[in-house]
**Student:** 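One structure, pasted below without further comment.
Here is how names work: the chains are called A, B, and so on, in the same order as the sequence lines, proteins then strands, and each is numbered from 1.
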Amino acid sequence: KNEVEQSPQNLTAQEGEFITINCSYSVGISALHWLQQHPGGGIVSLFMLSSGKKKHGRLIATINIQEKHSSLHITASHPRDSAVYICAVAETSGSRLTFGEGTQLTVNP
Amino acid sequence: DAGVIQSPRHEVTEMGQEVTLRCKPISGHNSLFWYRQTMMRGLELLIYFNNNVPIDDSGMPEDRFSAKMPNASFSTLKIQPSEPRDSAVYFCASSLSGMVQGARETQYFGPGTRLLVL
């Protein structure tokens, strides 16, 4: 069993739909990261959170430390949101990230 | 700021050759990470430097891999000898922290080096 599991692995949506990507983890963590990897391969950090909720534009990330679960939501999805979304956890020691396998999101116009 | 700079962007080499990947972190950042991404294993941490000192190298696959950070603005990842299974995209990332807890901060990724070993 992977320490970080994401669901779904693949997601196809129509433009304008509300999207949720889930991340569950089994280790003690000090922080959780959501990353976006564009089709060209570049990786961008979207959020780093250790509790509660963060919002940036149409993106919202939540985390429940007790349930060891985080979600990434995209409101009013757009084709430019098409990318791989990766969840990564910083273990309690804080010195390394452990990555999920990623969720491939495709938003069709 | 130019962001994290990696070179080369693409490298094709033959098995047995030495490969050197280079990274320039964002100026003022004190933590540097080398990652490898493959289809089979996804993203994996290879090594993490803080203030030029290797803190966690448990992800370095074997003795063929070595990494150095001679100063705050430059790091290298070397593979000698290279093997076909080393084919992957290698990312360098940096973060601001001067503490030994770089994974608790936002990391800024370079564009990656796509390595193909024939």
**Student:** For B:Glu62, does the CD atom sit with more than 12 other heavy atoms under 6.0 Å from it, leaving out its own atoms?
**Tutor:** yes

**Student:** Could you see if A:Leu32 belongs to whatever hydrophobic cluster contains A:Leu46? Use Ile, Leu, Val, Met, Phe, Trp, Tyr and a side-chain cutoff under 4.5 Å.
**Tutor:** yes

**Student:** So, taking the atom named CZ in B:Arg41 and the one named CD in A:Glu101, what distance separates them when rounded to the nearest 0.5 Å?
**Tutor:** 11.5 Å

**Student:** Tell me, yes or no, whether the heavy-atom count around B:Asp63 atom CG, taken from other residues, nucleotides or ligands under 6.0 Å, exceeds 12.
**Tutor:** no

**Student:** Is the CZ atom of B:Arg114 crowded by more than 12 outside heavy atoms at less than 6.0 Å?
**Tutor:** no

**Student:** Can you check whether B:Gln107 reaches A:Leu97 side chain to side chain, under 4.5 Å on heavy atoms?
**Tutor:** yes

**Student:** In terms of heavy-atom proximity below 4.5 Å to chain B, should A:Ile86 be classed as side chain, backbone, both, or neither?
**Tutor:** side chain

**Student:** For the atom pair CG (B:Leu45) and CZ (A:Phe99), what is the distance rounded to the nearest 0.5 Å?
**Tutor:** 7.0 Å

**Student:** Surrounding CZ of B:Phe65 (heavy atoms of other residues, nucleotides or ligands, distance under 6.0 Å), is the total greater than 12?
**Tutor:** yes

**Student:** If I measure from the heavy atoms of chain A, does B:Phe91 come under 4.5 Å with its side chain, its backbone, both, or neither?
**Tutor:** side chain

**Student:** Just wondering, are more than 12 heavy atoms of other shown residues or ligands nearer than 6.0 Å to CD in B:Glu14?
**Tutor:** no

**Student:** Quick check on B:Glu18: does its CD atom have over 12 non-hydrogen neighbours (other residues, nucleotides or ligands) under 6.0 Å away?
**Tutor:** yes

**Student:** How about residues 35-44 of chain A versus chain B: which residues have heavy atoms under 4.5 Å apart?
**Tutor:** A:Leu35, A:Gln37, A:Gly41, A:Ile43

**Student:** Grouping I, L, V, M, F, W and Y whenever their side-chain heavy atoms are under 4.5 Å apart, do B:Leu43 and B:Leu115 come out in a common cluster?
**Tutor:** no

